[in-house]
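See below for the structure under consideration.
Side chains are part of it too, since the values below use all heavy atoms of this structure and drop only hydrogens, waters and symmetry mates. Order of the sequence lines sets the chain letters (A, B, ...), proteins ahead of strands, with each chain counted from 1.
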Amino acid sequence: MSLWQKTLCYYWKKCYDLSMKNFQLAKDFWKKPGFILFLILFSFFLREFFLSAVFPIFSGQDEARHYNTVQYLNEPKEKTWEIQEAKRLNEKKNLDTYNFSEEIISAGNATEIFAFKSSLDRMNFPLGSVGKNEDLINSRQWQPLNKKYPPDITGRGHQDLYHQLGALIEKTFSEQSILVRFYLIRVFSIFLATIFIFLAYFVFKNVGFSPYQSLLITAIISFQPKFSTYMTNINYAPLMFVAFSAFTLGGVLILKNGLNWKNGILLLLSVVVGILSKGTSVILIPVLLGIFGYQSWLLWKKTKQTQINWKYIFSITLAIIFILSLFSWIYNFKSFLPKTENGTFAELTSSLFEYLSKSLPKIDSSAKNYWGDLNWVRNDYSSIFTNAIWIFEIFSAIGIIWILFAKRKMELLVEKKYIIFFIAMIVALQFGIRFYDWRTFSISGQLNLGTPGRYFLPNLISHMALVFVGLSVFFREKKYLNFTMLFWTILMFAFLFHSIFNIIVFRYYL
Amino acid sequence: MIFTKILNNAKYVFLGLFVLVLVLVFGRFFRNWSFPDATWTLEKGEKMSISEEKEKEAIQKFTSAQNNLSRIDILFGSSKIGKGGTLDLEIFDKNCDTKMRESRIRTKEIDSDKFFTFSFAKIPDSKDQIFCLKLSFSDWEKDKTRSAQVFTQENTTPSNIYFAIGEEVFEGRTVSMRPAYQESSFIGNIQTSIDRISQYKPPFLKDTYLLLITLSFVIISIITVLILILS
């Protein structure tokens, strides 16, 4: 071979090797956890964007009230417009009896929201993409001011962080139509929900699931139908969900790496954000104390009594005092107790049994609601999905009990400390919600609050982690657990897409 | 042996399962993808019994308002149907002679909160045509005492031509029903759906943007699951 031929061959081989290397990198790029996580988050965000369009204005849970709270926060402090005293009649299907802003009442009537909400009738849609009264709504003839007092706003009104942030959006786009402002706040909820899913991945990865398994469980959460539909609403729940996910991650990181300033701040910040979002977040406080208590105990074991780290003890005590002060500033603690005539133990016990006899039979519907059973159309096949899920959950529960009480040492996918932490999260939320429901029952004698499934969604991350930890006990090889997770992913995808196209879109537009 | 083979080819099993899911979910959607005539309302008026007996068969004649009739929603009342039965909707020409379409629904229960959706292949030139609907119920256990209760309502509009149960004619009444129509093409269906969802939405959730968002989320969601299966 001549010199130029050898040179040509050399560079040709180099080019070929480089091309193959790039091809291999590109070929494997789609398998990278970072890319797949991006796809999960991006598809979730777009899906939620679509769902936020599908759900008509004010169709979410108490959505008009939440949006009215946002508008109320945006009002000038000096009320220079005419205000009338009006009793909150809140008649169903009559928006005029609600003490909402003039704009909400008028826009709601213009969009015929109750026609949309009818399960039997269908809207008479005009041709084209402009609603019958859409130009009227966009002409902004109505004022976003509450003219009927007391205004119908959520319990803590101005104290809620979500509504304050929503009010910022409302103020920034104050020159735009209500349709723009309203749906932008829905997009804000979707953004928060995306953060929830993003943090979920890191929770799973840090407790011991492999990157692939973490992606699968994250995908399952992103496809969870109730979570998907709930997060499109204007509601303080999405911000609380972020607080719960951040708290779960903070707790996991502390259990994994020990307490340091980063993990500590994440945990404390999530509690603060949670409490400032929705009262339910107070249940994070006992769990927080539990984590600090556990860390203190570990520290105590490590150090001899003479080597107490007073700086550490002082910081922990200060943090606890701060949290409890915040809690007592926001809440009147005594008002939390159930009401009975004389407050005796016998009366409390009797009230509790009465409450449980009415509430426990509703667990079935609550569980179905948790997964996204809408019950809007005949034969929506939701029971097929929920029954399949419950079968897995029964085995998972057996697995968890086995792990916790097994005498012999087991090789665990996830260490016991994380399992106990997740169980603590679930028990705390269950106890908190049911206790508050009991309290409401003790005052009114009826299940006015109830325990709809969506109330338990903040612990979706802990729940799903426990489901697969419990199931892992039954599989010797990792691949069988992966298959189970993959099956769940497809099941959730089917449940969600069926809900979107065959139930929700069908109900409102077909 | 077969089990081992399945496990070794698990990737393809899950792919097959996923494809089946897509077919079932979107198959149902495409089957029912039509636009109801909102001038027909489903009301819970007087209930009447129907069964497979000739004298208990409901006959409804109505004028179709548009082309591409492809679905009829009918509201039934709570009915004691034992283990279950089959609701049969047959669509004939105006003389009730030539059968054009048929739709059957097997059901284990009938309650009065939700309507039944009878879908069939679209009838292209249905506008201003009179159709004869025959609605009957057959019990799985052939118990002749069981029947389905169908809601009827007052309807004196010109589109209501005739309603009878067996030989008994009821003037000014119809079955609580609502016809639905497709557009002439698949693209037409997409356009109408996007138009409807776009109403009362801000500019960034209308028309082309909405269409792009819809297509994107469906495609990317499917790709995500495919990648998870193939990883």
- Message: Taking side chain as everything from C-beta outward and backbone as N, CA, C, O, which of these in Tyr381(A) sits under 4.5 Å from a heavy atom of chain B? Side chain, backbone, both or neither.
- Response: side chain

- Note on the structure: From the list Val180(A), Asn502(A), Val505(A), Asn375(A), the residue making the most non-hydrogen contacts under 4.5 Å with chain B is Asn502(A)

- Query: Is the Phe483(A) ring parallel, tilted or perpendicular to the Phe14(B) ring (thresholds 30°, 60°)?
  - Reply: tilted

- Task: Identify which part of Asn482(A) has an atom lying under 4.5 Å from any heavy atom of chain B, answering side chain, backbone, both or neither.
- Result: neither

- Region of Phe45(A) in contact with chain B, defined by heavy-atom distances below 4.5 Å: neither

- Side chain proximity check, Thr117(B) to Phe506(A), heavy atoms < 4.5 angstrom: yes

- Query: Do Ser129(A) and Lys201(B) have side chains that get closer than 4.5 Å, going by heavy atoms?
  - Reply: no

- Message: Given heavy-atom pairs under 4.5 angstrom as the criterion, report whether the side chain, backbone, both or neither of Ala107(A) touches chain B.
- Response: neither

- Item | Side chain / backbone / both / neither for Lys44(B) at chain A, heavy atoms under 4.5 Å | side chain

- Segment of Leu215(B) engaging chain A (4.5 angstrom heavy-atom cut-off): neither

- Side chains of Ile229(B) and Ile490(A): does their closest heavy-atom pair fall under 4.5 Å? yes

- Query: Mind checking whether Phe50(A) and Val218(B) have side chains closer than 4.5 Å, heavy atoms only?
  - Reply: no

- residues 22-33 of chain B vs chain A, non-hydrogen distance cutoff under 4.5 Å, contacting residues -> Leu22(B), Val25(B), Phe26(B), Arg28(B), Phe29(B), Asn32(B), Trp33(B)

- Message: Using side-chain heavy atoms (C-beta onward) and a distance below 4.5 Å, is Phe49(A) in contact with Phe204(B)?
- Response: yes

- Between Phe125(A) and Tyr200(B), does the ring centre distance come in under 6.0 Å? no

- At a heavy-atom separation under 4.5 Å, does Ile57(A) approach chain B through its side chain, its backbone, both, or neither? neither

- Close side-chain approach of Phe223(A) to Val225(B), heavy-atom, < 4.5 Å: yes

